[in-house]
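Data first, discussion second: the structure below is written as structure tokens.
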Amino acid sequence: MLLVSYDISNDKVRTHFSKFLSRFGFRLQYSVFEVHNSDRILRNIKTEIENTYLKAFTEEDSVIIFDIADSCKKVCYGYAKNEEKDVFFIT
């Protein structure tokens with residue numbers, strides 16, 4: 001899994017970048033996406049950042065990609081999106 005966190009000052013670039021990331025994963029918070037990755041997806045994301053977004057960044061902008069190991073556990077509080085795939089009905 002990847003966590004992609006970004007802080008982009010330009011509204012248009014930020015909106016375009018979030019739409020780009022939504023093709024690969026889902027939004028956890030306003031500027032954080034969870035991406036279930038493969039090496040190909042990670043290469044695609046890095047290539048797109050380097051070829052498209054990097055030239056539009058200012059000194060205030062940043063993108064951080066965290067490669068999270070399978071053994072990592074996630075705990076969510078509040079109104080975090082429920083990502084469970086299985087649905088159980090109790091009657």
Subject >> side chain to side chain contact (heavy atoms under 4.5 Å, CB included), paired with Ile65, selected from Leu42, Val35, Leu3 >> reply: Leu42
Spacing of [atom1] belonging to [X] relative to [atom2] belonging to [Y], to within rounding of 0.5 Å:
| X | Y | atom1 | atom2 | answer |
| --- | --- | --- | --- | --- |
| Ile64 | Ser31 | CD1 | OG | 11.0 Å |
| Lys46 | Leu54 | NZ | CG | 13.5 Å |
| Glu60 | Ile8 | CD | CD1 | 12.0 Å |
| Phe33 | Ile45 | CZ | CD1 | 10.0 Å |
| Asp61 | Ser9 | CG | OG | 4.0 Å |

**OP:** For atom CG of Asp39, decide whether the heavy atoms of other residues, nucleotides or ligands shown that lie under 6.0 angstrom number more than 12.
**Re:** no
Original post:
Stepwise, does the side chain to side chain contact (heavy atoms under 4.5 Å, CB included) test hold for Asn44 with Glu48?
Top reply: CA-CA 6 Å; Asn44 287 346; Glu48 188 71 16; over 6 Å; no
**OP:** If the plane angle is over 60° it's perpendicular, under 30° parallel, otherwise tilted; pick one for Phe24 and Phe20.
**Re:** perpendicular
**OP:** Return the orientation label for the Phe17 and Phe57 ring planes: parallel under 30°, perpendicular over 60°, tilted otherwise.
**Re:**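 Ring orientation, 0 to 90° scale: perpendicular.
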Single-linkage hydrophobic cluster [X]~[Y], side-chain heavy atoms < 4.5 angstrom:
| X | Y | value |
| --- | --- | --- |
| Val32 | Phe66 | yes |
| Ile41 | Val63 | yes |
| Ile68 | Val4 | no |

Original post:
Backbone N or O of Thr15 within a donor-acceptor pair of the Ser18 side chain at under 3.5 Å?
Top reply: yes
